[in-house]
Amino acid sequence: MAAEIIKGKPIADKIREEITAEVEDLKKKGVNPKLAVLLVGDDPGSVWYAKSKVKIGEKLGIFVDLKTMDADTDQETVLKTIQGWNEDKDVHGILVELPLPKHLSKEAVMESITPKKDVDGVHPVNRGYLLGGQEHLALVPATPQSCITLAERAGINFRGKRVTLVGRGDTVGRPLASLLIKRDATITVCHTKTVDLAAECRRGEIVVAAAGRAGLVTKEMISPGTVVIDAGVNEVGDGKYVGDVAPDVAEVAGALTPVPGGVGSLTTTIIMNNLLKAIKLQGLA
Ligand code: NAP
């Protein structure tokens with residue numbers, strides 16, 4: 001039987017309704033949610049993501065202040081801008097689009113963001129909370145949170161499940177491993193040194209692919225009925241994107257998140273949700 005396709009859009013729409021209601025309540029209390037976004041350079045993906053934040057923010061009643069800087073901007077200027085936002089009580093969230101130009105230190109830039117305004121969960125303090133199981137105190141990175149939210153809102157429960165995670169990257173795999181442990185999953189984390197990836201995947205009742213390799217997870221690697229969550233985004237030319245999961249996996253999986261239209265369609269909404277959490281962590285709501 002063909003897999004149930006878990007689409008991101010209806011779930012994103014529902015979360016956006018909830019955000020809109022919360023934003024209205026905040027405004028009645030005199031809090032006007034504001035997210036500051038910094039885009040250094042003109043990486044096409046980053047430009048697209050930054051603009052989409054402005055657009056979605058408008059729909060939700062959230063002001064997204066997008067600041068663009070030339071690719072050759074020096075680190076001091078970048079840090080000064082972030083410092084200004086850290087100190088500005090009208091700015092509730094700060095996000096710096098990645099990747100940054102090579103001459104800038106990603107670590108220094110990420111560490112300069114006040115943890116309670118760090119809506120993409122990149123600061124070591126937020127990573128630490130996540131690793132320590134204190135998710136309620138953490139601002140969680142958007143893509144791993146999207147994987148969890150998409151599955152949970154589709155009725156999937158991680159408790160006690162064998163979850164095989166393909167990828168231990170900084171952006172998706174590692175934070176996702178912490179989120180899964182918190183949800184009582186029994187996890188196996190795979191990477192390029194994993195000896196038999198197919199066997200590890202076949203053992204999983206849930207498989208999450210976050211490797212950034214088109215078609216890495218094939219039909220032969222998936223046991224019938226498995227829930228497959230595809231976080232991969234791989235450009236294949238002509239502006240087209242595919243995930244890490246081969247299309248024929250749909251023939252054996254129980255449920256599958258599509259690419260595009262799955263995990264990726266939730267991330268900006270999750271950022272806005274994180275902004276509301278940031279406002280609470282700042283004691284403003
Ligand atoms: P990353 O840092 O590049 O890490 C990739 C991970 O996959 C590494 O742990 C790597 O293993 C593992 N891997 C690569 N090839 C493999 C193979 N053949 N077999 C087993 N493991 C393999 O990636 P990331 O930044 O965490 O991102 C992961 C994916 O998520 C990418 O496709 C990215 O585009 C996507 N992503 C999606 C969104 C979204 O909005 N949907 C946002 C951000 C990222 P090693 O550790 O051994 O190298």
Side-chain angles (χ1 to χ4, degrees), residues 6-9 11-12 15 37 39 43-53 55-56 95-100 106-107 110 119-122 127 130-131 139-151 163-180 187-204 207-218 220-222 228-237 239-246 249 256-274:
I6 304 173
K7 290 191 180 146
K9 189 172 179 305
I11 293 171
I15 299 170
V37 175
L39 173 63
D43 173 77
S46 301
V47 172
W48 189 88
Y49 281 118
K51 285 188 177 162
S52 109
K53 285 177 191 94
K55 225 162 53 190
I56 291 176
L95 185 142
V96 179
E97 294 292 349
L98 296 175
L100 284 167
K106 178 181 159 191
E107 283 71 28
M110 299 301 138
V119 290
D120 204 12
V122 292
R127 292 302 173 103
L130 200 54
L131 205 52
L139 288 166
V140 176
T143 304
Q145 182 64 61
S146 298
C147 295
I148 296 286
T149 302
L150 196 56
V163 180
T164 302
L165 180 52
V166 185
R168 56 177 169 184
D170 207 24
T171 317
V172 189
R174 276 172 204 265
L176 188 51
S178 298
L179 293 170
L180 289 166
I187 63 168
T188 302
V189 181
C190 303
H191 42 76
T192 55
K193 310 298 179 293
T194 297
V195 174
D196 189 346
L197 183 63
E200 301 299 347
C201 287
R202 276 195 293 270
R203 249 195 296 280
V207 171
V208 188
R213 298 285 179 274
L216 175 65
V217 176
T218 60
E220 294 68 35
M221 297 161 74
I222 296 297
V228 181
I229 301 168
D230 191 352
V233 180
N234 307 289
E235 204 174 346
V236 286
K240 289 209 174 86
Y241 290 88
V242 299
D244 291 353
V245 175
V249 166
L256 174 65
T257 70
V259 178
V263 172
S265 48
L266 227 68
T267 48
T268 304
T269 303
I270 294 292
I271 293 286
M272 301 304 171
N273 218 19
N274 280 353

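Every number for a ligand or one of its atoms is a count from 1 in the order of the listing.
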At a 4.0 Å threshold, what atoms of ligand 1 neighbour a non-hydrogen atom of G212? 29 (C), 31 (C), 32 (O)

Closest contact, heavy atoms only, V172 versus A231: CG1-CB, 4.1 Å

Quick one: nearest non-hydrogen protein atom to atom 27 (O) of ligand 1, plus distance? V172 CG2, 3.7 Å

Under a 4.0 Å heavy-atom limit, does V233 contact ligand 1 with its side chain, its backbone, both, or neither? both

Which segment of A231 sits under 4.0 Å of ligand 1 when only heavy atoms are counted: backbone

For atom 7 (O) of ligand 1, what is the closest protein heavy atom, and at what distance to 0.1 Å? A211 CA, 3.2 Å

How far apart are the closest heavy atoms of M110 and L100, and which atoms are they? CE-CD1, 4.5 Å

Note the single closest protein heavy atom to atom 16 (C) of ligand 1, along with its residue, its atom name and the distance in Å. T192 CG2, 3.7 Å

Atom 2 (O) of ligand 1: the protein heavy-atom neighbour that sits closest, reported with distance to 0.1 Å: G169 CA, 3.4 Å

Nearest protein heavy-atom contact for atom 43 (C) of ligand 1: which residue, which atom, what distance? T143 OG1, 3.6 Å

How close does the nearest protein non-hydrogen atom get to atom 28 (C) of ligand 1, and which residue and atom is it? A210 O, 3.3 Å

N274 side chain to D120 side chain, donor-acceptor N/O pair below 3.5 angstrom: no

Please check: side-chain N/O of D230 versus main-chain N/O of D244, any donor-acceptor pairing under 3.5 Å? yes

For ligand 1, is T267 a contact, meaning one of its heavy atoms is under 4.0 Å away? yes

Apply salt bridge (Lys or Arg N to Asp or Glu O under 4.0 Å) to residues D170 and R127 and explain how you reach the verdict. CA-CA 10 Å; D170 207 24; R127 292 302 173 103; 3.4 Å; yes

May I ask whether atom 25 (O) of ligand 1 is less than 4.0 Å from at least one protein heavy atom? yes

Using a 3.5 Å cut-off on N or O atoms only, is G167 in polar contact with ligand 1? no

Report yes if some N/O of D244 lies less than 3.5 Å from some N/O of ligand 1; otherwise report no. no

Sub-4.5 Å side-chain heavy-atom contact between L176 and T143: no

For atom 18 (N) of ligand 1, what is the closest protein heavy atom, and at what distance to 0.1 Å? L216 CD1, 3.5 Å

Provide the closest heavy-atom pair for V236 versus Y241 in the form atom of the first, atom of the second, distance. CG2-N, 4.3 Å

Looking at T268, I11, T267, which one forms a side-chain contact (heavy atoms from CB on, under 4.5 Å) with S146? T267

Which atom of T218 lies closest to which atom of V249, heavy atoms considered: C-CG2, 3.5 Å

Distance from L197 atom CG to H191 atom NE2, nearest 0.5 Å? 10.0 Å

Please state which part of T194 comes within less than 4.0 Å of ligand 1, counting heavy atoms only: side chain, backbone, both or neither. neither

With atoms numbered from 1 as shown, which atoms in ligand 1 lie under 4.0 angstrom from a non-hydrogen atom of R168? 6 (C), 8 (C), 9 (O), 45 (P), 46 (O), 47 (O)

Correct closest heavy-atom pair for V245 and A209 would be CG2-CB, 3.9 Å

What is the minimum heavy-atom distance between L98 and S46, and which atoms define it? O-OG, 3.1 Å

V166 N/O to ligand 1 N/O under 3.5 Å: no

Counting non-hydrogen protein atoms only, what is the nearest one to atom 21 (N) of ligand 1? Give residue, atom name and distance. H191 C, 3.2 Å

Considering only heavy atoms of G232, which atoms of ligand 1 have at least one such atom less than 4.0 Å away? 32 (O)

